[in-house]
Novice: 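I have a structure I would like to understand better, so I am pasting it below and will then ask my questions one at a time.
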Amino acid sequence: MQKNANWRTFATADQVAEAACAQILTAAEAAIAERGRFKLVLAGGTTPEKVYRLLSKAETDWSKWYIYYGDERCLPADHADRNSMIATQTLLAQVPIPSAQIFTLPAELGPEEGALQYRQTVADALPFDMVLLGMGEDGHTASLFPGHVHNPDELTHPVYNSPKPPPERVSVSAKALSDTRRLIFLITGKNKQEPVKQWREGADLPVATIEPATPVEIYIDSEALPS
């Protein structure tokens with residue numbers, strides 16, 4: 001388990017999304033005031049989707065937002081299952097973020113080339129202002145899976161043999177995801193109870209390898225808490 005984690009429990013997944021949305025907007029306001037831009041890493045999955053829909057209705061200085069992705073599936077650029085397509089449909093197509101400030105991960109090029117090309121993008125962006133992450137039923141986060149071994153010094157990894165389809169992906173590394181001013185995990189649903197239990201007991205899960213300098217914030221609904 002991370003040495004430094006704040007667990008915040010909410011009754012419902014909707015409340016998790018509302019609280020996360022409020023925190024993101026607060027972080028954006030602070031980052032823009034202090035540094036003139038807000039660098040946000042988006043997560044995939046259904047829980048972040050609720051957050052993106054809420055953000056799409058918010059008022060903020062969208063011209064100062066810079067968008068990145070924690071991971072992507074090696075699918076065609078316009079495939080419905082890509083994280084970038086879901087984020088575009090629920091958020092990015094609804095708000096005036098300049099297209100040059102949206103850094104889509106080119107996973108359609110394949111794991112090796114996609115990771116190689118995104119590596120410089122990540123290097124230029126660090127440190128991020130905020131990273132959003134989810135957690136899978138096996139304790140994975142982004143496309144960092146249990147049992148997979150990567151070079152810990154890389155900023156991005158090619159991913160093969162994913163236990164969830166599609167098997168080929170690109171992931172930003174634990175090292176790079178940890179290089180952020182704030183990090184929020186969004187965890188909802190009964191199917192997360194077992195990995196949450198293991199995580200809190202100190203199991204060696206990918207979620208536990210994300211260790212920013214500031215405390216990790218874990219937003220979790222009551223269903224995901226082990227009974």
Side-chain angles (χ1 to χ4, degrees), residues 1-8 19-45 48 51-52 55 58 60-72 83-84 87 91-92 95 97-107 114-135 140-144 150-159 169-187 206-219:
M1 190 161 123
Q2 281 90 354
K3 302 174 191 72
N4 222 345
N6 294 328
W7 291 79
R8 296 186 59 191
C21 178
Q23 283 287 8
I24 293 164
L25 292 169
T26 298
E29 188 177 349
I32 291 166
E34 292 169 22
R35 295 176 294 278
R37 60 177 57 189
F38 177 55
K39 295 178 288 185
L40 173 66
V41 177
L42 299 183
V51 179
Y52 304 156
L55 281 174
T60 179
D61 187 353
W62 294 110
S63 71
K64 302 293 197 301
W65 285 50
Y66 289 71
I67 301 295
Y68 305 86
Y69 290 89
D71 73 313
E72 189 56 273
N83 294 335
S84 58
L91 172 62
L92 303 178
V95 298
I97 299 174
S99 59
Q101 292 166 204
I102 299 172
F103 297 91
T104 305
L105 204 164
L116 185 65
Q117 289 204 14
Y118 211 58
R119 202 163 288 157
Q120 190 59 49
T121 300
V122 172
D124 292 342
L126 294 176
F128 297 118
D129 292 305
M130 179 170 274
V131 170
L132 301 179
L133 290 172
M135 181 187 68
H140 85 266
T141 191
S143 281
L144 304 172
H150 300 289
N151 180 342
D153 294 323
E154 288 178 345
L155 297 181
T156 59
H157 305 309
V159 177
R169 298 160 177 245
V170 178
S171 187
V172 175
S173 68
K175 175 182 178 178
L177 293 171
S178 299
D179 193 356
T180 181
R181 293 180 172 90
R182 296 190 72 174
L183 189 139
I184 298 179
F185 276 102
L186 305 169
I187 301 175
V207 284
T209 65
I210 315 298
E211 296 188 284
T214 53
V216 169
E217 296 174 57
I218 301 162
Y219 288 28

Novice: Quick one: does Ile32's side chain get under 4.5 Å of Trp65's, heavy atoms only?
Specialist: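 Counting from C-beta outward, Ile32 and Trp65 do come under 4.5 Å.
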Novice: Do the side chain of Arg119 and the main chain of Thr156 share a donor and acceptor less than 3.5 angstrom apart?
Specialist: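 Such a contact is found between Arg119 side chain and Thr156 backbone.
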Novice: Around atom CD of Glu34, are there more than 12 heavy atoms of other residues, nucleotides or ligands at under 6.0 Å?
Specialist: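 Yes - once you tally the heavy atoms of other residues, nucleotides and ligands closer than 6.0 Å, there are more than 12.
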Novice: Could you tell me if the side chain of Ile102 sits less than 4.5 Å from the side chain of Leu92, heavy atoms only?
Specialist: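 Counting from C-beta outward, Leu92 and Ile102 do come under 4.5 Å.
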Novice: Looking at side-chain heavy atoms only, is the closest gap between Glu72 and Tyr118 below 4.5 Å?
Specialist: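 No. Closest side-chain heavy atoms not under 4.5 Å.
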Novice: State whether the side chain of Ser178 and the backbone N or O of Glu211 hold a donor-acceptor pair below 3.5 Å, judged by distance alone.
Specialist: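 Between the backbone of Glu211 and the side chain of Ser178 there is a qualifying donor-acceptor contact (under 3.5 Å).
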Novice: For a 4.5 angstrom cut-off between non-hydrogen side-chain atoms, does Leu183 reach Thr214?
Specialist: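 Leu183 does not reach Thr214 side chain to side chain.
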Novice: Quick check: does any side chain N or O of Ser143 sit under 3.5 Å from a backbone N or O of Arg169, one acting as donor and the other as acceptor?
Specialist: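 Here the side-chain-to-backbone pair does not exist.
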Novice: How long is the gap from CD1 on Ile210 to CG on Asp179, to the nearest 0.5 Å?
Specialist: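 Here the rounded value is 11.5 Å.
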Novice: Could you walk me through whether Val159 and Val170 pass the side chain to side chain contact (heavy atoms under 4.5 Å, CB included) test, one step at a time?
Specialist: CA-CA 5 Å; Val159 177; Val170 178; over 6 Å; no
Novice: What residues, two or more places apart in sequence or in another chain, satisfy side chain to side chain donor-acceptor pair (under 3.5 Å) together with Glu154?
Specialist: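 Once residues adjacent in sequence are excluded, the partners of Glu154 under the side chain to side chain donor-acceptor pair (under 3.5 Å) criterion are His157.
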Novice: Please name all residues satisfying side chain to side chain donor-acceptor pair (under 3.5 Å) with Lys64, sequence neighbours left out, ordered by chain then number.
Specialist: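 For Lys64, the residues satisfying side chain to side chain donor-acceptor pair (under 3.5 Å) (neighbours in sequence not counted) are Asp61.
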Novice: Should Val122 and Asp124 count as side-chain neighbours, where that means a heavy-atom distance under 4.5 Å?
Specialist: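 No - every pair of side-chain heavy atoms lies 4.5 Å or more apart.
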Novice: Is the shortest side-chain heavy-atom distance between Leu132 and Tyr52 below 4.5 Å?
Specialist: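 Side chain of Leu132 against side chain of Tyr52, heavy atoms only: contact under 4.5 Å found.
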Novice: Establish, from distance only, whether the side-chain atoms of Ser171 and Asp71 form a donor-acceptor pair under 3.5 Å.
Specialist: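 No donor-acceptor contact under 3.5 Å links the two side chains.
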Novice: Between Thr209 (side chain) and Pro206 (backbone), is there a donor-acceptor pair under 3.5 Å?
Specialist: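 Yes, the answer is positive, given that a donor and an acceptor are paired below the 3.5 Å cut-off.
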Novice: Is Arg182 close to Glu217 at the side-chain level, that is, under 4.5 Å between some pair of heavy atoms?
Specialist: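 Yes, their side chains come closer than 4.5 Å.
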Novice: Can Asp129 and Lys39 be counted as an ion pair, charged N to O under 4.0 angstrom?
Specialist: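 Salt bridge absent between Asp129 and Lys39.
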Novice: Do Tyr69 and Phe103 make the cut of ring centroids closer than 6.0 angstrom?
Specialist: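 Not under 6.0 Å, so no.
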Novice: Could you walk me through whether Tyr68 and Phe128 pass ring-ring contact (aromatic ring centres under 6.0 Å, His included), step by step?
Specialist: CA-CA 9 Å; Tyr68 305 86; Phe128 297 118; 5.4 Å; yes
Novice: Are the side chains of Asn6 and Pro215 in touch, meaning some heavy atoms are under 4.5 Å apart?
Specialist: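 Asn6 vs Pro215: side chains touch.
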